[in-house]
Novice: 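Submitted below is the structure of interest, expressed as structure tokens.
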Amino acid sequence: MTAGIKPADVCIIRHHTPERGKDFATLHDLWRADAVGFTRYQATQESGRPLFRQRKIWAAFVCPAPDETMFIGLFDATLSETRKADWLCDYRGDEPGDGEAVDIFTTQPRADLAEHAGVLRVDWPSENRRSWARKAEGLTLRISAQQPATPAALLTGDALVAALERHGFARTRATKKLVQLRRGDLVVYVKRETEARPLVIHPHFVDIAEELRAIGVEVPVPARSYVNSNLRAFPAYHADHRATEGRHGFAVGVGATRLGALLDLLERSATIPTPEGVVRAVAPEEDPLTERERLQAARVGQGEFRDRLMIYWNGACPVAGVDHAALLRASHIKAWREATNAERLDPFNGILLCAHIDALFDRHLITFEDDGRLCISSSVSDENRSRLGLEPAMRITGLDARHGEYLAHHRSRFQP
């Protein structure tokens with residue numbers, strides 16, 4: 001089995017330790033139950049190790065049992081910084097690197113072989129049992145006879161409904177094509193007549209698409225909304241190209257072995273931390289989000305405000321074209337501190353921008369004319385303009401007359 005990747009570019013990591021963690025018995029349990037924590041654990045490495053710094057692709061494995069080695073995915077790895085970690089190890093609960101400086105990497109799951117993550121078992125060579133990281137070349141990993149390398153079948157139709165019911169969900173509504181189920185505040189839908197990503201979850205969860213992929217959930221690339229007027233418990237979908245209002249969710253696929261981990265992640269991600277406290281991101285029909293919750297979420301660029309910008313701008317930054325949800329920011333045109341509550345929630349007071357463009361826009365180092373033409377501050381040097389991919393002739397499309405008042409306000413703060 002190959003993904004067309006040169007072995008010399010790959011570092012193989014086998015996460016294993018005989019020591020029980022603070023909250024989890026094994027690193028496999030951490031991977032299964034806490035995608036964010038495992039990602040941070042894997043991305044934090046001993047300072048200065050050439051194997052990690054030089055190999056830009058990591059092939060990661062965990063051990064579900066002492067004699068099992070399971071593939072969990074390929075990751076692009078880039079050294080972000082070297083410093084003392086300001087968090088406790090997500091597995092051991094102590095200071096990473098014994099309180100000394102560590103290498104902190106940015107890791108992104110790759111699509112290559114993603115269908116085998118959480119499924120494929122390999123026979124790890126006995127002579128390498130003690131090694132947890134090594135070069136890929138020269139290491140032959142045979143597919144285990146106990147579980148061949150076939151993708152886990154996705155749950156579909158009645159089987160998916162039954163599996164959700166075993167996890168405590170109850171049917172609350174059904175049509176010929178859709179079944180609505182609920183557990184607490186968490187509502188999901190099952191598409192009855194399709195095998196392609198048949199589970200529909202709240203559109204808020206588009207933002208955790210990479211975390212879902214990391215635990216073996218099938219998600220669309222790029223992550224995007226699924227629109228269906230019968231998703232009555234989910235937010236309205238307004239788009240100029242649609243004659244009628246729809247509803248939208250996020251369609252995913254999941255196998256039986258990953259369903260529990262998916263539901264756990266959804267529960268943990270159903271709220272948003274804000275400076276004023278934690279607020280709900282999803283809510284049932286009979287207890288909708290309050291204006292206070294919507295405002296607090298909008299203040300940190302989350303919640304319904306972000307969802308509506310994701311729809312309006314088709315899930316991509318109009319300047320850079322980036323459509324990776326984790327890199328996109330719901331940027332207010334008229335700053336939060338200057339806006340009324342109504343303006344803070346108005347989607348025409350927002351543009352979906354990738355992180356570096358958002359930083360420039362927030363500091364009024366760039367702005368836009370009503371026709372979309374980009375204006376760049378003279379304080380941004382030619383060298384940095386080139387590094388940032390900024391060109392004076394750039395123009396964004398998609399602006400509406402309703403953006404005009406907000407853009408005029410932003411231009412009044414622009415630093416020419």
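We use all heavy atoms of the structure for the numbers below, so side chains are in, but hydrogens, waters and symmetry mates are not.
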Novice: Do the rings of Phe348 and Tyr312 sit parallel, tilted or perpendicular, given the 30° and 60° boundaries?
Specialist: perpendicular
Novice: Would you say Glu293's side chain and Thr290's backbone share a donor-acceptor pair under 3.5 angstrom?
Specialist: yes
Novice: For His167, does its backbone N or O pair with a side-chain atom of Arg183 as donor and acceptor, under 3.5 Å?
Specialist: yes
Novice: Between Arg413 and Glu338, does at least one N-O distance fall below 4.0 Å, as a salt bridge requires?
Specialist: yes
Novice: Ion pair present between Arg213 and Glu218, side-chain N to carboxylate O less than 4.0 angstrom?
Specialist: no
Novice: Would you check if there is a donor-acceptor pair between the side chains of Arg49 and Gln45 at a distance under 3.5 Å?
Specialist: no
Novice: Could you check whether any side-chain heavy atom of Ile5 comes within less than 4.5 Å of a side-chain heavy atom of Ile57, counting everything from C-beta outward?
Specialist: yes
Novice: Just by distance, no angles: are the side chains of Thr69 and Arg14 close enough, under 3.5 Å, to form a donor-acceptor pair?
Specialist: yes
Novice: Side chains of Ile104 and Val102: does their closest heavy-atom pair fall under 4.5 Å?
Specialist: yes
Novice: Quick one: do the Thr172 and Gln180 side chains pair a donor with an acceptor below 3.5 Å?
Specialist: yes
Novice: Thinking salt bridges, do Arg20 and Asp29 make one under a 4.0 Å N-O criterion?
Specialist: no
Novice: Given 3.5 Å as the limit, does a donor-acceptor pair link the side chain of Arg294 with the main chain of Gly303, or not?
Specialist: no
Novice: On the 0 to 90° scale, with breaks at 30° and 60°, tag the Phe205-His202 ring pair as parallel, tilted or perpendicular.
Specialist: perpendicular
Novice: When you check the side-chain N and O atoms of His332 and Glu343, is any donor under 3.5 Å from an acceptor?
Specialist: no
Novice: So does Asp90 pair up with Lys22, basic N to acidic O under 4.0 Å?
Specialist: no
Novice: Hey, mind stepping through Arg182 and Glu286 against salt bridge (Lys or Arg N to Asp or Glu O under 4.0 Å) and telling me if it holds?
Specialist: CA-CA 13 Å; Arg182 177 175 171 182; Glu286 74 277 6; 2.7 Å; yes
Novice: Is the shortest side-chain N to carboxylate O distance from Glu369 to Arg395 below 4.0 Å?
Specialist: no
Novice: Between Tyr189 and Asn230, do the side chains contain a donor N or O and an acceptor N or O under 3.5 Å apart?
Specialist: no
Novice: Evaluate the criterion salt bridge (Lys or Arg N to Asp or Glu O under 4.0 Å) for residue pair Glu165 and Arg171; output intermediate values, then yes/no.
Specialist: CA-CA 8 Å; Glu165 290 175 332; Arg171 303 187 198 203; 2.8 Å; yes
Novice: Does the Ser412 side chain pair with the main chain of His409, one donor and one acceptor, at a distance under 3.5 Å?
Specialist: yes
Novice: Heavy-atom count around Asp158 CG within 6.0 Å, excluding the residue itself: above 12?
Specialist: no
Novice: Using a strict 4.0 Å threshold on nitrogen-to-oxygen distance, state whether Lys56 and Asp9 make a salt bridge.
Specialist: no
